[in-house]
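Contents: one structure, followed by commentary.
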Amino acid sequence: MHDSKSILLHLRTTFGEDGVYEQKTIDQIPTVWVSKNNIIAVATYLKTFYPLLYDLCGVDERDRSRKNGLPSADFTVVYHFFSFDLNDFIRIKVGLHGEYPSIPSITSVYVNANWYEREAYDMFGITFEGHPHLTRILMPLTWKGHPLRKEHPARATEMGPYQLYDEKADIEMEALRFKPEEWGLKEHSDDADFMFLNIGPQHPGTHGVLRIILQLDGEDIVEAVPEIGFHHRGAEKMGERQSWHTYIPYTDRIDYLGGVMNNLAYLLAVEKLAGIEIPDRAKTIRVMLCELFRINSHLVWFGTFAQDLGQLSPVFYMFTDREKIFDIIEAVCGGRMHPNWFRIGGVAQDLPNGWDKLVRDFVNYFPKQLREYDKMVMRNSLFKARTRGIGIYTREEAIEWGVTGAGLRACGYEWDFRKKRPYSGYENFDFEIPIAHNGDCYDRAVVRVEEMRQSLRIVEQCLNNMPEGLYKADHPLTTPPIKKYTMQDIETLITHFLNVSWGPVIPPGEAMSCIEATKGANSYYLVSDGNTASYRTRIRTPSFAHLQMVPYIGKGYTVADLLSILGSVDYVLADIDR
Amino acid sequence: MSTAQHIWTVIGVLFVLLNIAAGLIWVERRLLALWQDRLGPNRAGPLGLLIVLADTLKLFFKEDWIPPFASKAIFVVAPAIVAGTVLISFVIIPFAPNIVVADLNIGLLFFLAMSSIGVYSIVLGGWASNNKYSLLGALRGASQMIAYEVFMGLSLMGVVMLSGSFNLGAIVEAQRDLWFVVTQPVGFLVFFIAGVAETHRLPFDIPEAESELIAGFHAEYSGMKFGMFFIGEYLGITLISAMTVTLFFGGWLGPSFLPPLVWFILKTFFFIGVFILLRASLPRPRYDQLIEYGWKVLLPLVLANLMITGAVALYLKDS
């Protein structure tokens, strides 16, 4: 049996003491620095134990203070691999030197490294040698500079007023023109001329500003090239400017259907860095709201999925139900889609009087609705004809492409981070992991519908067993800071003043959290160098990985099927582009 | 009938039809809203009825725009074809014993011929738009309509056999004892399904498939040219409903406490409601599934229906 210790030992013996440096991080994830020349060999070795490339990102290390004896580097490329057997992550870091360094690409080992490496190139200017198509992915092709480098300005005011001259507009338009030969696509085959169809960025079926260019033979998809980045708002860059506390509302808008669930992913990492223990009541409130948002997100998915297939009515019923959940969320948080309600150390306020009645009414009301939706949508034979046997992938392919969440469970893999690596007290709840076996569009729908039932069970358990106690931890780094003694004690007043005006200073270190978000695994990898803002905020979103897989699963199907596939993947553009 | 009477009938029918087509905007939106737990248009005028006027005015005052890359003449003609052919089809429909524009003895064939010509509007419109989405829509439309044309024609032959005439007035008269829906249930079902496909309404709106092809063959149309497609669609619904009533539900026949015309209109509106209900409830099959369903399920069904009806008709005639 291998564990992370023996794997580290093996790395050390194979690549020598000098080439391998082990870093201690606060989140207990084994972290190893290896040298750039060894990265392919290391990745190849790790793949047997860690089949999932969970995340890959760059860090600009040039301005980082308090490195606490880490190897010197101008840039690092950070790989997160996940092992289902060991149920553990491993973090591999490669230190790079120079202004615009390069590193071998690992796309030959992990196929889904493709988009991640393009993103790292786009954001840092790090070249990945041997990458099949290293171009910008999130930023426009005409962009100057690499935004996440520390010298790149973060605010619009630092960049001068924006003006779109005619010439510039022409250049921008030309950059958007799709050139098949750049992607190695032919315009003709031996017996057919292909049509290149531009789906999006403005298209009712893509649920947002996503562009997919299809190479069509008749209506059959030969190849698909997604183009993303239209929704990119520089969320990671903002993390470096906003204080630890004021960044919370930005996270709401990553997976904008997940609401406070994004707060949770971010705060778990911050709280790990700060070493804050969350009181039980706060944990349970968080779980309850997250599960309400999960139902909410799945309802939006369910309705729009049916609408993609031409069924007009379900979306109206489902949005009505969603409104009922929003009523609860509004009563508790005051906000609706982006309530910005979790705080470092807990939640913003205690639950309001009468919350239990609202939740109980919903818990009693919703199962009947789900039964009706089953009849209306899931058992509809036209719906089945459009989704069964479409967009199939196997469990191995899913892991290969970094699929998590319902997409993975639909291939018969019982994997849910809430159960396998419980956080925020999920270990105390009784619920099941719904799975299905064929991995097609229909099965993904089956899994999500059943997940709504399970979420409702969790909400009901929260309702019946809401613990008493604090809604926010009693810790100096929580936000907003504790005010109890400020009027009696000058030291406390000063601390309070600083923690409010500058925000808390989170101790230096690195931490990553991983939650089962509405669409799959969502993580924030935070690097702190002991400042009021994060040094590097990396957001790993499930939709990014899932969309990368769409061309692979979409091949050979028709345009109409592509819409079923896109609908069943359940992505949110903001979650892809961040 | 005298010439003056004729002219009045034509004007009357045209007036009523165009108003119905426009009024269906309101009917459809209100009914959909009712079924979808919404309110629907309820602001302009009593019960929101003036939305019809607002919509029509809006369409009229929109810029009459032809994309520079389109083939102009064909682009302009295409929407007129659909509205024209559907309107012309109405000439053979007996609204009441004496209200019919042209009492053709080949009425049914005339209807089939006109609906075949109607296909051209989709094909030409989609092709002339010079847009990839429109082209895909036009191709889908052509194959769908041609396939369903076949079943539509075949499904009506049972009625013709039983009544012994292509004249719609005679077909209505032949139902005095028993509606043909009782003797020809299969024919009715196939005709109605083919009718939905002919009017390319959901679930068979594959040529325009909003979530896939955006608007399909009429993606490039706006203003009153789009309005013509729109009117053509609503007239098509009315036509298919009226034909269903005439052929299978006894046309203007009904208990004498209401005049024949009222019976006809009531029955027709019932089927218009069914059309809208279908749109509210069913998802859209895939294009190849639709064609497959036509050729593999409907065609054998109508052929069997035709043979059985023929055999029974022969047997009854001999005995």
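Chain identifiers are assigned alphabetically (A, B, ...) following the order of the sequence lines, protein sequences preceding nucleic acid strands; residue numbering begins at 1 within each chain.
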Chain A to chain B donor-acceptor contacts, backbone plus side chain, under 3.5 Å:
{"residue": "A/F196", "atom": "O", "partner": "B/K132", "partner atom": "NZ", "Å": "2.5"}
{"residue": "A/N198", "atom": "O", "partner": "B/Y133", "partner atom": "OH", "Å": "2.6"}
{"residue": "A/H203", "atom": "NE2", "partner": "B/E212", "partner atom": "O", "Å": "2.7"}
{"residue": "A/E219", "atom": "OE1", "partner": "B/R140", "partner atom": "NH2", "Å": "2.8"}
{"residue": "A/E219", "atom": "OE2", "partner": "B/R140", "partner atom": "NE", "Å": "2.5"}
{"residue": "A/E219", "atom": "OE2", "partner": "B/R140", "partner atom": "NH2", "Å": "3.4"}
{"residue": "A/D308", "atom": "O", "partner": "B/S211", "partner atom": "OG", "Å": "2.7"}
{"residue": "A/L309", "atom": "O", "partner": "B/R284", "partner atom": "N", "Å": "2.7"}
{"residue": "A/Q311", "atom": "NE2", "partner": "B/S281", "partner atom": "O", "Å": "3.2"}
{"residue": "A/S313", "atom": "OG", "partner": "B/Q36", "partner atom": "NE2", "Å": "3.0"}
{"residue": "A/S313", "atom": "OG", "partner": "B/A280", "partner atom": "O", "Å": "2.4"}
{"residue": "A/Y317", "atom": "OH", "partner": "B/W35", "partner atom": "O", "Å": "2.4"}
{"residue": "A/A385", "atom": "O", "partner": "B/Q289", "partner atom": "NE2", "Å": "2.8"}
{"residue": "A/R386", "atom": "NH1", "partner": "B/R284", "partner atom": "O", "Å": "2.8"}
{"residue": "A/D561", "atom": "OD1", "partner": "B/R286", "partner atom": "NH1", "Å": "2.8"}
{"residue": "A/D561", "atom": "OD2", "partner": "B/R286", "partner atom": "NH1", "Å": "3.3"}

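- Nearest heavy atoms, A/I576 versus A/Y571: CD1-CD1, 3.8 Å.
- A/D255 and A/T518 are linked by a side-chain donor-acceptor pair at a separation below 3.5 angstrom, with hydrogens and angles left out of the test.
- A salt bridge between A/R453 and A/E450 is present, with a side-chain N of the basic residue lying under 4.0 Å from a carboxylate O of the acidic one.
- Heavy-atom neighbours of B/F61 CZ from other residues, nucleotides or ligands within 6.0 Å: at or below the threshold of 12.
- At a 4.5 Å heavy-atom cutoff, A/L566 makes no contact with chain B through either its backbone or its side chain.
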Handout entry: Full working for side chain to side chain contact (heavy atoms under 4.5 Å, CB included) between A/V363 and A/V359
Key = CA-CA 6 Å; A/V363 167; A/V359 178; 4.1 Å; yes
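- In this structure B/V123 satisfies the side-chain contact (heavy atoms from CB on, under 4.5 Å) test together with B/V119, B/A142, sequence neighbours excluded.
- Contact of A/A306 with chain B is not made at all, since no heavy-atom distance falls under 4.5 Å.
- Both the backbone and the side chain of A/L382 have a heavy atom closer than 4.5 Å to some heavy atom of chain B.
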Exercise for the section: Take A/Y393 and A/Y552 through the ring-ring contact (aromatic ring centres under 6.0 Å, His included) test and state the conclusion after the steps. Expected result: CA-CA 9 Å; A/Y393 52 78; A/Y552 177 75; 8.6 Å; no
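- For A/L562, no part sits under 4.5 Å from any heavy atom of chain B, backbone or side chain.
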Problem - Pair B/F275-B/F271, ring-ring contact (aromatic ring centres under 6.0 Å, His included): steps then yes or no - result: CA-CA 6 Å; B/F275 261 97; B/F271 282 99; 8.5 Å; no
